[in-house]
Amino acid sequence: MRWKALVFIALAQLMVVLDATIVNIALPWAQHDLGISDGNKQWVITAYALAFGGLLLFGGRIADLWGRKRTFVTGLVGFALASALGGAAQGEAMMLGARALQGMFGALLAPAALSLLAVMFTDAKERAKAFGIYGAIAGGGGAVGLILGGFLTEYLNWRWTFFVNIPFAVIAAAGAYFVVREPAGSRNRSSLDIPGVVLSTLGLVSLVYGFTRAESAGGWSDPVTVGMFVASAVLLLAFVFTESKVRSPLLPLRVLLDRNRGGVYLSLGLAVIAMFGLFLFLTYYLQVVRGYSPVTTGFAFLPMIVGMITGSTQIGARLMTRVRPRLLMGPGFLVAALGMLLLTQLEINSSYPALILPAQLLLGLGMGTAFMPAMSLATHGVQPRDAGVASAMVNTSQQVGGAIGTALLNTIAASATTAYVAAHAAGATNAKLLQAQAMVNGYTHAIWWAVGILAAAATIALTLINTGVPGSAAPTASGSTEGAEDEVKIPVVAH
């Protein structure tokens, strides 16, 4: 029964991850049809990111309190209705409202899905297989979104990038209702931490909006951008202080301060910064510089998907019960960095088979190998009543990492492009060629940063994560057995 449940949980996760990229390709057509201004088009992406990123911790706590299965099905139904609203949008306000609703229900759905896996799969070998599948979807779903978005936009209509979510959600919700069996006694029925909800939501929204505004407003010195970062720091510090004092915190600090889980959240967030930046640059390079169609661009990402699935299910899942997680995560991020390093050699007429294809395979293999143990370790060893909020932290690190990656690396690329044009404009004879060369120069500058970020992720994984092979029984690094009286369903991993 658990394996049947995994099918529907994985389908729901695929839908959420797809939605992060599928709309990007359809955005120019939606903007034209709905009359959305250039200044407001970013809100189609930002409205989703703000609601999703800001409410994830709240969604994780609701899953622990209300029941993961109920939260999961509610999230699916709400996501489907919001998607139908987006597909039927007749104007800017309707579209932006639908995207915010998608983000809200996604914030319920994503942590509920991961925490269901955490409480259902406790045997080390079964857990490795389940999280191998989940990790492949979490890592490769964004690239699949580019393929599907290109196909739907080119051959049907941009509205289908929203409508396609409906059958996904209906099938997953029906399957979950009949198949998913949540273990008894794993809920956290403590009262809801309202101050924590308010502070964490406002803090995360400020942080995500600060990065998205830095990209759209043209720099990091914009007063509103700086104000958002200051407000975020104050709110999140107040949140941490509040969580250390209240009886039933929204985010128990024991979840965050464990060195292994903290290492996973930090290294995973950094890796997503690099990956989302790459999606952006390769999409623009292939479509704008090389002239690929949306569908061709989507299929150009297939090697990365193949690499991620292979790395997650054939390398990560097979080795997870034999070697320490850090010996999968660290080398995995380094292999991904090697693939990224190849892409620093991009030129206007770079060969796809000789350069882009092998780079994507390395990226996919590395990320897939690293994501799989990261997803498992992020919820391993937590008390069952904390599984939802621990899962929410995984999604939060990914969502914030995605927002940072898009804004930070795009700003670096734009600055390098502008500098290249200024330096070479005097001797240029072909303005169009100069612009293409400047764009590629900007991409390679930003990709160098991505290489460094992946190297930092590998260093953090190798340094902070010290847990043993899953299934081996040993005390934690501090000598304690965190929540030992509650950890019947989720064994503590050896630290």
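All residue numbers refer to positions in the sequence shown, counting from 1. As a basis for the values below, the full set of heavy atoms in this structure was taken, side chains included, without hydrogen atoms, waters or symmetry mates.
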Is the closest side-chain heavy-atom distance between [X] and [Y] below 4.5 Å?
X	Y	value
Pro195	Val246	no
Leu56	Leu204	no
Arg61	Trp66	no
Val272	Phe371	yes
Leu108	Phe72	no

Judged by atom type as modelled, is there a donor-acceptor pair below 3.5 Å linking the side chain of [X] to the main-chain atoms of [Y]?
X	Y	result
Ser312	Met308	no
Gln102	Ala80	no
Ser206	Met228	no
Thr71	Gly67	yes
Asp258	Arg261	yes
Arg326	Leu464	no
Gln90	Ala88	yes
Ser244	Phe241	yes
Asn260	Asn466	yes

Open item on the list: Out of the candidates Leu319, Ile465, Leu377, only one should pair with Leu328 under the side-chain contact (heavy atoms from CB on, under 4.5 Å) rule; please name it.
Closed with: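 Exactly one candidate clears the test, Leu319.
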TODO: Can you label the angle between the Tyr48 ring and the Phe52 ring as parallel, tilted or perpendicular, going by 30° and 60°?
DONE: parallel
Under the rule for ring-ring contact (aromatic ring centres under 6.0 Å, His included), what residues qualify as partners of [X], not counting sequence neighbours?
X	value
Phe281	Tyr443
Phe333	none
Phe168	none

Task: Nearest-0.5 Å distance, OH of residue Tyr265 to CG of residue Leu270 - done: 15.0 Å
- [ ] Hey, could you give me the OG1/CG distance between Thr242 and Leu236, rounded to the nearest 0.5 Å?
- [x]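 The OG1 atom of Thr242 sits 11.0 Å away from the CG atom of Leu236.
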Task: Test side chain to side chain donor-acceptor pair (under 3.5 Å) applied to Asp33 - qualifying residues, sequence neighbours left out - done: Trp158
Task: For Glu243, side chain to side chain donor-acceptor pair (under 3.5 Å) partners two or more places apart - done: none
Open item on the list: Test: side chain to side chain donor-acceptor pair (under 3.5 Å). Region: residues 165-180. Which pairs qualify, not counting sequence neighbours?
Closed with: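 Only Asp19-Asn165, Ser83-Asn165 qualify under side chain to side chain donor-acceptor pair (under 3.5 Å).
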Task: Phe229 CZ: over 12 foreign heavy atoms closer than 6.0 Å - done: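 Yes, CZ of Phe229 has more than 12 neighbouring heavy atoms, counting only those of other groups under 6.0 Å.
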